[in-house]
Number of protein chains: 2
Amino acid sequence: MAGAAAALRERGLPLTVQRRRLLERFLLCTDHPAAETLYADVAPLVPGLSRATVYRTLETLVELGLAVRIGHPGWEVRYDPRIERHHHLVCDGCGAVSDHESAALDALRPPRRIAGFAVRDFSVQFRGLCVCCTRLRSKRAPHTR
Amino acid sequence: MAGAAAALRERGLPLTVQRRRLLERFLLCTDHPAAETLYADVAPLVPGLSRATVYRTLETLVELGLAVRIGHPGWEVRYDPRIERHHHLVCDGCGAVSDHESAALDALRPPRRIAGFAVRDFSVQFRGLCVCCTRLRSKRAPHTR
DNA sequence: ATTCATGCAAAGTGTTTGCAGTATC
DNA sequence: GATACTGCAAACACTTTGCATGAAT
């Protein structure tokens, strides 16, 4: 919390009541909440809190490097006609998805069971930046997303 | 395509014009299309094609085991104040998705780079049957989905 | 003839944006 | 007092659903 407040100050960003309350709650979360969840938790403490503020605050935190985004807004489900086990490289920059075959990963044997869940197969999703997007980033000032 | 047609017939599902065209196109795709993309590609060939049909067809293919879904419908972006990764258990039976935290997986260090792709993080998707569905299967006749 | 798929349009989520007003620095 | 944030409501993107019609077996 202290670190977060400092990070905001450093950028000249006001520490509003809404942000303080959201931070207090968010930084304790261990369950990677969605915006809606955080809104539900904090709204009772901040009369009139708007969902938009929650969304905006969370994105600000990501920009400040105080939070990690899991997934991307506006990202659709994609489908793959290849059903054999294979893995994916998902670009955080442009959304491109490419396949990745790996003997090493294929050699792994997943656990049969995870907390009652009967595991049948697995696949790994690597997130990062594709070649094109890497090139773009290195030119301009580094800037998240 | 032949295999797909057979799979449909086996289940007594009609091979409609729309499905045929969608299949013809989809099975050739190597770029993990989203529903919208497939719609754009096929709509010119099937006058009056509806988006709903595309969505429904793709989900049918997943149920038949002819396609895999990358991502989950209705999934919101989640945020994490710890820079910690987490994984997913996806039930082939009911489609439920639950989170899975694993110290062992967290300890893994992904490669920095895969064929030019700058890896930032990864997450593992385990597919199988959740507790409820496992119970159902063991009682009733096995029934894929 | 039966069964299931389709199109349409409406509704449902999750998220973003423009704007006028307001709090923070 | 300047700047940036907030709430509101409307817009937006993606996806699902109900229903009457129509097509495949």
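Only a predicted model underlies this, so the values are computations on that prediction, with no experimental measurement involved. Naming convention: chains lettered A, B, ... in sequence-line order (proteins, then strands); numbering from 1 in each chain.
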Among the nucleotides [options], which one has an atom lying closest to any side-chain atom of [X]?
{"X": "B:Tyr55", "options": "C:dT15, D:dC5, D:dT15", "result": "D:dT15"}
{"X": "B:Pro14", "options": "D:dA24, C:dT6, D:dT15", "result": "D:dA24"}
{"X": "B:Thr16", "options": "D:dC5, C:dA5, C:dT24", "result": "C:dA5"}
{"X": "A:Thr53", "options": "D:dT6, C:dT24, C:dA5", "result": "D:dT6"}

Whether B:His32 side chain and A:Val97 backbone form a donor-acceptor pair below 3.5 Å: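 Confirmed, B:His32 side chain pairs with A:Val97 backbone.
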In whole angstrom, what separates [X]'s [atom1] from [N]'s [atom2]?
{"X": "A:Leu58", "N": "C:dG14", "atom1": "CG", "atom2": "P", "result": "15 Å"}
{"X": "A:Glu59", "N": "D:dA4", "atom1": "CD", "atom2": "C1'", "result": "17 Å"}
{"X": "A:Tyr79", "N": "D:dC14", "atom1": "OH", "atom2": "C1'", "result": "11 Å"}
{"X": "A:Leu15", "N": "D:dA4", "atom1": "CG", "atom2": "P", "result": "16 Å"}
{"X": "A:Gln18", "N": "C:dA23", "atom1": "CD", "atom2": "C1'", "result": "8 Å"}
{"X": "B:Glu63", "N": "D:dT16", "atom1": "CD", "atom2": "P", "result": "11 Å"}
{"X": "A:Arg11", "N": "C:dC25", "atom1": "CZ", "atom2": "C1'", "result": "17 Å"}
{"X": "A:Arg78", "N": "D:dT15", "atom1": "CZ", "atom2": "C1'", "result": "16 Å"}

Contact under 4.0 Å: B:Arg19 side-chain N or O vs C:dA5 OP1/OP2: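 The answer is yes; a side-chain N or O of B:Arg19 sits under 4.0 Å from OP1 or OP2.
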Heavy atoms from other residues, nucleotides or ligands near CD of B:Glu10 exceed 12 (cutoff 6.0 Å):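 Not buried by this count: 12 neighbours or fewer within 6.0 Å.
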B:Arg25, CZ atom: more than 12 neighbouring heavy atoms under 6.0 Å: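 No, the 6.0 Å shell around CZ holds no more than 12 heavy atoms from other groups.
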Touch class at under 4.0 angstrom, heavy-atom based, for B:Arg56 against every strand present: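 Contact class for B:Arg56: base.
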Least distance between heavy atoms, B:His87 atom then B:Val124 atom: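 Closest approach of B:His87 to B:Val124: ND1-N, 2.9 Å.
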Parallel, tilted or perpendicular, as decided by the 30° and 60° cut-offs, for the rings of A:Phe122 and B:Phe126: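 Rings of B:Phe126 and A:Phe122: tilted, as their planes differ by 30° to 60°.
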First encountered from the 5' end of DNA chain D, between B:Ala35 and B:Arg20: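 The residue whose closest nucleotide sits nearer the 5' end is B:Ala35.
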